[in-house]
Amino acid sequence: MDSSMHNPAATPEKSGLSVAMARNPIDVAITVIAMLLFGMYLIGAPEVYLHFDIYRSFMSTLPYMGLLALGATFIVTLGEIDLSFPSVMGVAAWVFATVFTMTGSIPISFLACIGTGMICGALNGLLITRIGVPSIVATIGTMFLWRGLVNVLAQGKGIPLVEMRDSVFYDVLVGRLFGQIPMQFVWFCLIAILMIAIYKRHVFGSHVLFVGDNKSSAQMMGIRVYRTRMTCYILMGAMSGLSAVFLLSEVTYFWPTTGDGFLLPALAAVFIGGTSVFGGRGSMYGTFVGILIIGSLEAGIVAMGVQGFYTQLIYGLTITVAVSIYALVMKK
Amino acid sequence: MDLSNSLLSLENIHMSFRRVDVLKGIDLTINRGEVVALVGDNGAGKSTIIKVMTGVHHPTKGKVYIKGEHVNMRSVQDSRTRGVETVYQERALADQQEIWRNVFAGREIRNRLGFMDVKRQRAEAAQLLRERMGFTSRAITTDSEVAGLSGGEKQGVAIARALFFEADLIILDEPTMGLSLKETDKVLKFVRNIREQGKSAILIDHNILHVYSVADRFVILDRGKIAGQFTKDQISREQLIDIMVDLHQTGQIKTH
């Protein structure tokens, strides 16, 4: 007779903060790093960090890179990469500006812009999943392709969008809540919460983790691998479109290089958030905190009175230390 | 043929690959609540039989019946929907994900928006492992990653997964290969669990010592044919080993 069959010790389903922390060591690590950094800012530059102005500035500039990083987290979790999203953002932005110039309607331009992003994302996805080009190679190609397309379409010229300010939708997108909080940050936070929920608790998020972990196991378990991967690329495209909408609304101007410069900060936010480049493991919450860190680092360093040319050094140090901590935590 | 108690039957199955006959007229019935061991040398046709049963291969000639019904399967999915699950040692689970996620992968408990009932999945997975599979280790919870499990425990989770989704027949391909003695014992215990729950299993294993303790019936394959079938009460372990040795040396089964 197996006496261990009745073992009450295996039963307890504990809940609470301590268990949640034990389950997600990387989420704990990233939170501590963020708190240390903001503590450092507060001590280093209290005159700046005890006032709301700096936070308002973060809130109005973070969401563009942030939305891209949220989308990229799914792709990195697949064990793949997308280098073309800044260019997709550029194409979507051109469509937004052009449709707005023609129709004067923000909702129509909004839909056209998101739709364009999704189509570009779907084309990336087809190239990778159907034709079988490795994602890094495929998106180096489409990075140039989409940017080249914007340059040709826009003929190198910008498009002013000042008339957007007359619309109610302008206030919905980038107005100031209670006259203080930039609306794009409110939207960004809502979308981030939705993405965090999807990543860990939705069937889609779970399938992305399985595909990134082991494609052939996932297939054996009846997960539709092809559909899951395509959805990730289409979602990345939608996020690029959304990011373009907010950025163009904030500055009320389209220029052909829209999106340039977001690639590395967005990917840095994903990696600093603890998502593994090998796939199958990651954290959307980590990406969210990573966005706050990456988005505030430069301003934070400058405000503390450190000379400007130290920023990259500290930037690099933070990222390197963070990813080293994760590697050690994971080895354990 | 009486099919009332039969779960899966093969009738005169032939299988050829590029004119090489791998299976030459296999007649085999697996009954409900029975553990059948397929034994035989490499190349005897063990894995080809499995692939015919699970729809991976379509037989050149012959018929497959599941629960008395003639089926014409074209994919693994076809056999799975009829309650036949295969557990492969290497491809059964995703290593970096939690046990509960693995148990429910592809068949999640979800609401209409696609959000999973994580709490219920955790609880059901815990109950499944504890009560049906006899997992008692304190170190293993449903939140443990599969990577932290031993080879035998992984097999256990994979079997639990199949049982949970009401598989009637679980096919285990070399489940003890590369495992230590202690781990092998665990896997064999899991196999006994399958029978205790009234389900059937097919075991493919080279090691007769392993299969003898759990199987009810032994089907000996030789070069694409069934060379002999014995139930456990017809034959002792030593006799079974003698038969296998004779078969290997002389190419035929001596009648004892």
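A note on names: the letters A, B, ... follow the listed sequences, proteins ahead of strands, and every chain is numbered from 1.
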What are the two closest non-hydrogen atoms of Q97(B) and D213(A), and how far apart are they? NE2-OD2, 3.0 Å
What pair of heavy atoms forms the shortest contact from F210(A) to A105(B), and how long is it? CZ-CB, 3.5 Å
Go through N111(B), V118(B), D117(B), L129(B) and name the one with the most non-hydrogen pairs under 4.5 angstrom from chain A. V118(B)
Kindly indicate, with the supporting measurements, whether the criterion side chain to side chain contact (heavy atoms under 4.5 Å, CB included) is fulfilled by R110(B) and R201(A). CA-CA 9 Å; R110(B) 58 174 97 177; R201(A) 310 190 81 89; over 6 Å; no
[X] atom [atom1], over 12 foreign heavy atoms within 6.0 Å:
X	atom1	result
F278(A)	CZ	no
R192(B)	CZ	yes
R107(B)	CZ	yes

Please examine the side chains of K200(A) and R101(B), heavy atoms only from C-beta on, and report whether any two atoms are closer than 4.5 Å. yes
If you define the side chain from C-beta out and look only at heavy atoms, does anything of F115(B) sit under 4.5 Å from I198(A)? yes
From CD1 (I223(A)) to CD (E108(B)), nearest 0.5 Å: 6.5 Å
Between CD on residue E98(B) and OG on residue S206(A), distance to nearest 0.5 Å: 8.0 Å
Go through it in stages, so that I can follow the logic: the residues are N102(B) and M221(A), the test is side chain to side chain contact (heavy atoms under 4.5 Å, CB included), and I'd like the CA-CA distance, side-chain angles, deciding distance and then a yes or no. CA-CA 9 Å; N102(B) 267 288; M221(A) 291 171 165; 3.1 Å; yes
Chain A contact via E145(B) - which portion, at a heavy-atom distance below 4.5 Å: side chain
Check whether N214(A) reaches the backbone of A94(B) with its side chain - one donor and one acceptor, N or O, closer than 3.5 Å. no
Side-chain donor/acceptor of H202(A) to backbone N/O of L113(B), under 3.5 Å: yes
